[in-house]
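Below you will find the structure I want to go over with you.
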Amino acid sequence: MALPDLRPVEDFFGQPERAGASISPDGTRIAYLAPWRDRLNVWVQDLDSGAQPRCVTADDSRSVLSYQWTNEPRWLLYTQDEGGDENWHVHRVDLHDPDAPAVDMTPFPGVRTLALEQPAARPGKAVLHLNARNAAEFDLHELDIATGELTLLARNPGDVASWLTAGRELFALRYTADGDIELSRWDGETAQPHRITTFDGDDYPLGVCPFEITPDGTAAWIGSNRGTDRTRLVRLDLATGAEAEVDSHPTFDLDTRAFVFPTLPSPLIRQRGTGELLGARYLGERQVIHAFDPDFAEVLKNLEPLSDGDLAEVSSDENGLRWIVSFTRDRDPGVTWFYDHATGECRLLFRPYPHLDPDSLAAMHPVTITARDGLALPSYLTLPVGIEPSGLPMVLMVHGGPWTRDSWGCDKAVQLLANRGYAVLQVNFRGSTGFGKAHMRAAIGEFAGAMHDDLIDGVDWAVERGYADPDRVAIFGGSYGGYASLVGITFTPDRFAAAIDYVGISNLANFMRTVPEFAKPGLIANWFRYVGDPGDPQQEADMLARSPITRIPEIRTPLMVVQGANDVRVVQAESDLIVDALRAREADVDYLVFPDEGHSFVNPENLIAMFRAAERFLARHLGGRA
C-alpha cells in the first residue's frame, strides 16, 4: 500500500462534524453533538421533514459531552463542568423556545452532580446525587424537570457511596471499614439502612457494575464474579440478596468500561419504553452482544451487517421500532446509521470525520504477549501504513486507571503516531480490568514491579519480532499511564529514548492524600490494597520507594510533561514536583500546563497544541516521518 500523506494534527484532534446521536422517545427527531463556536453543542433535527437542524445549546467555553432526552418532548437535559473541574451541573433546554437560554437546575457554587437518571416509575422527574450540603457527602434528590423544583429524598449520613431507586423504594450502597460494599434497603421514615447483602471488596475493588434496577423494582441486574473469575450477568433479589445467573460468556467479561468512562455504552441494552432487558455486551479482543429478547435479536441481525465494526451507541423510540446506532471501528470511528424495523429502511446518517480516508489509517491488530512469569497480556499493535514493518521507531502507549483497559477501536493519538511512521503498542498489563479477577489481582503490590515488567516484556516482544528498533522506543501515557512513563525512565532508565507524561502521578502517597474527600472511602479495596495506606509509615515508605519523585537522579531520558491546572484527580503538584526537580538539575524536560483543563482535555485547541508538541518532541528523539 502507498505511503499515506502526512495529515495535520487538526485532522485528528479537531472537532467531529457530528457525533453522539440519539433518537427522541417518539422517534421523530434526533439529537447529536456538533460544533458551534468551535465547541461541541447539542443540535436537534427532524428525521423525516427535511427541516434544517438547529443548535439548542450555546456553550462557547467548553464542549458539551453528555445530554439526555426527556420523556416530555419539550425538554432536554445536559451536564457541564467548568474548565475541567468535574463539578458537573445539570442544565435544561426548552426545545419549544429556541431563543431561551439554558437553565442551570443545580445552581449551587462548587456542587457536583452524579448519577443523573430518569426512572420510568417517576415520569417528569429525574433523580440525582448532589453534594450541595457537604462536599464529601452526596444526598439523593428528585428534580421536577418542568418546574426545576428539587426535593430531598434521602440525606447521606456520611457513609453512603451511592443511591438506587425502585419505584418509591430507596436503596443505599455503603463502604465498610474493610472496603466491602454493603447493599441496604433505606427506611425513609427512620433514615436507617436494613442490610440485604454484602459484596466482598476483594472481588469488587472498583464497585459493582452494572447495577440496574429491574422494571418491577424487585431485583437488580448486576455484574457478578462471586465464585467465578469472569464477570457474568445475574439477577439480584432485593428482598433476599440471592443471585441467579441470567447470562454469561465462556471467556469474556461483561464490558464494564462505562463504570470508569460514563460516556461509553452501558453493558446492558434496555427497552426504552419498558426498561426490559434486551441484551448484554461482552468484550474480549472484540465485542460480542447476547440478545435476550426475540424482537431485539431480529433488530440486531439487521443492524450488525451495516458495518464490520462493533455496535456502539444504540437508541430507539419507545416502541423499539426506529433506531439510531453507531459503530466502533479502528479506521472509521463513530459511523452512524438510522434503521426502521417496521419498514426495513436503513440509511447512513453521517461519518464524524469524513475528511479521514479509512484506507489511509492504520489497522489495530489484537496480539497476545506472554509475560516473563507466564501471564497472558492481551495487547494491540498498530503498524504504520505503507512502511515495511521492520525496525520501526515505536511508542509504547500505556492506558490510565490503572483499572480500565485498552480495547479495539480508533484511538486518535495512535492514528496520529502511525501516520508519522511509528509502530504503537498497547499492553493490557496485570491490573487491567475486563480479563478476570486473577489478571487484576496479579497487580497487588506490583506498582513499579511486575506491572512495569509487563510493559518491558511487551517492548521486548516487539523488538524480538523485528517490529521495533530497540534504540528508538518511547513511552507515553496519561494518569496511571503517566506514572508508568515516569517509572519507565526512573526504574529502567536505559530502555526508552523519550517519555511523555500526561497528568501522571509522581508521588503515590501525595496522590492518595489529595484525591477528593468523597472518593477516599472507595480507595480501601483498590489503592490501599494494591499500593498501600499513606497513613501507615511503613507502607508510605514502600509507596515512596515505588514513586518516581524519589528517583530523580536516575532520569537521563528526555521527558515531556503535560498537565491540566484544574485537575482534581492528579493535582498539578504531581507534575510541578517532577519538573522542578529536573530543572534544578538542568535536565531535558518540556512542560505544558493548560489553565482551562482538568484530568481529561476537551478543548480542541489544547489537544492540538499538546499533540503538536508531542509530535515535535518524538520526532526529535525517535526520528519519525517529518
Review point. So do Asp81 and Asp85 actually touch side chain to side chain, heavy atoms under 4.5 Å?
Key: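 Asp85 reaches Asp81 side chain to side chain.
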Check your understanding: What are the two closest heavy atoms between Pro35 and Leu40, and how far apart are they?
Key ->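 Smallest heavy-atom distance, with atoms named: N-CD2, 3.9 Å.
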Exercise for review: Determine whether the aromatic ring centres of His129 and Phe138 lie less than 6.0 Å apart.
Suggested key: no
Check your understanding: Just checking, is any N or O donor in the side chain of Thr218 or Arg235 under 3.5 Å from an acceptor N or O on the other one?
Key ->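 A pair is found: one side chain offers a donor N or O, the other an acceptor, under 3.5 Å apart.
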Practice item. Please indicate whether Glu345 has more than 12 foreign heavy atoms, meaning atoms of other residues, nucleotides or ligands, lying under 6.0 Å from its CD. Key: yes
Exercise for review: Supply the atom-to-atom distance Arg92 CZ to Met105 CE, rounded to the nearest 0.5 angstrom.
Suggested key: 4.5 Å
Point to revise | Asp317 side chain reached by Trp323 side chain, heavy atoms, under 4.5 Å | key: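 They are not in contact (no side-chain heavy atoms under 4.5 Å apart), so the answer is no.
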Point to revise | Donor-acceptor side-chain pairing of Thr57 and Asp59 below 3.5 angstrom | key: no
**Study point:** Residues Arg257, Ser407; criterion side-chain hydrogen bond (donor to acceptor under 3.5 Å, both in side chains); working and verdict
**Key:** CA-CA 10 Å; Arg257 293 172 299 161; Ser407 53; 2.8 Å; yes
**Study point:** From Leu303 atom CG to Trp337 atom CH2, the distance as rounded to the nearest 0.5 Å
**Key:**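 Result: 10.5 Å between the selected atoms.
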Check your understanding: Do Gln80 and Ser66 get their side chains close enough for a donor-acceptor pair, meaning under 3.5 Å?
Key ->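 Per modelled atom types, Gln80 and Ser66 side chains form no pair under 3.5 Å.
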Review point. Distance only, no hydrogens: is a donor on one side chain within 3.5 Å (strictly under) of an acceptor on the other, for Asp180 and Tyr204?
Key: no
**Study point:** Intermediate values then yes/no, side-chain contact (heavy atoms from CB on, under 4.5 Å), Gln563 and Phe594
**Key:** CA-CA 6 Å; Gln563 180 67 44; Phe594 292 87; over 6 Å; no
Exercise for review: Evaluate whether atom CD of Glu605 has more than 12 neighbouring non-hydrogen atoms of other residues, nucleotides or ligands under 6.0 angstrom away.
Suggested key: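 Enclosed: over 12 neighbouring heavy atoms sit under 6.0 Å from CD of Glu605.
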Point to revise | Test item: side-chain donor near acceptor, Asp187 and Gln192, under 3.5 Å | key: no
Exercise for review: First locate atom NE2 of His141, then atom NZ of Lys125, and finally report the distance between them rounded to the nearest 0.5 Å.
Suggested key: 14.0 Å
Exercise for review: Locate the shortest heavy-atom distance separating Arg185 from Phe171; write the atom from each residue and the value.
Suggested key: NH1-CZ, 3.3 Å
Point to revise | Polar side chain donor-acceptor pair, His399 to Ser432, under 3.5 angstrom | key: yes
Exercise for review: For the residue pair Asn131 and Asp139, confirm or rule out a side-chain donor-acceptor distance under 3.5 Å.
Suggested key: no
Point to revise | Ion pair Arg122/Glu142, N-O distance below 4.0 Å | key: yes
**Study point:** Closest heavy-atom pair and its distance - Gln287, Asp310
**Key:** N-OD2, 3.1 Å
Check your understanding: Side chains of Asn603 and Arg39: is there a donor and an acceptor less than 3.5 Å apart?
Key ->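 There is such a pair (donor and acceptor under 3.5 Å, judged by atom type) between the side chains of Asn603 and Arg39.
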Practice item. Evaluate the criterion side-chain contact (heavy atoms from CB on, under 4.5 Å) for residue pair Arg232 and Val234; output intermediate values, then yes/no. Key: CA-CA 7 Å; Arg232 64 198 190 283; Val234 306; 4.0 Å; yes
Check your understanding: Using 30° and 60° as the class limits, which term best fits the ring planes of Trp403 and Trp527: parallel, tilted or perpendicular?
Key ->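 The arrangement is perpendicular - the two ring planes meet at more than 60°.
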Check your understanding: Is the side chain of Arg351 donor-acceptor paired with the backbone N or O of Pro333 at a distance under 3.5 Å, no angle test?
Key -> no
Exercise for review: List the steps, then state whether ring-ring contact (aromatic ring centres under 6.0 Å, His included) holds for Trp186 with Trp163.
Suggested key: CA-CA 9 Å; Trp186 190 261; Trp163 303 92; 5.1 Å; yes
Review point. Is it true that atom CZ of Arg569 has more than 12 heavy atoms of other residues, nucleotides or ligands lying nearer than 6.0 Å?
Key: no
Practice item. Could you walk me through whether Arg174 and Asp159 pass salt bridge (charged side-chain N to carboxylate O under 4.0 Å, His left out), step by step? Key: CA-CA 6 Å; Arg174 304 183 302 154; Asp159 61 352; 2.9 Å; yes
**Study point:** Donor + acceptor pair across side chains of Asp26, Ser24 (<3.5 Å)
**Key:** yes
Review point. Hey, mind stepping through Asn566 and His599 against side-chain contact (heavy atoms from CB on, under 4.5 Å) and telling me if it holds?
Key: CA-CA 7 Å; Asn566 301 321; His599 196 60; over 6 Å; no
Check your understanding: Distance only, no hydrogens: is a donor on one side chain within 3.5 Å (strictly under) of an acceptor on the other, for Ser326 and Glu313?
Key -> no
Review point. Any chance the side chains of Thr336 and Tyr32 put a donor and an acceptor closer than 3.5 Å?
Key: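 Short answer, no.
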**Study point:** Side chain Thr198, main chain Glu182, donor-acceptor under 3.5 Å
**Key:**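 No: the side chain of Thr198 does not pair with the backbone of Glu182.
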Point to revise | Side-chain heavy-atom pair Glu17, Pro352 within 4.5 angstrom cut-off | key: no
Exercise for review: State yes or no: are the ring centers of His290 and Phe292 separated by less than 6.0 Å?
Suggested key: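 Not close enough - the centres of the two rings lie 6.0 Å or further apart.
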**Study point:** Short side-chain donor-acceptor distance under 3.5 Å, Gln45 and Arg18
**Key:** yes
Check your understanding: Roughly how far, to the nearest 0.5 Å, is the CG atom of Asp411 from the CG atom of Asp406?
Key ->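 Between atom CG of Asp406 and atom CG of Asp411 there are 7.5 Å.
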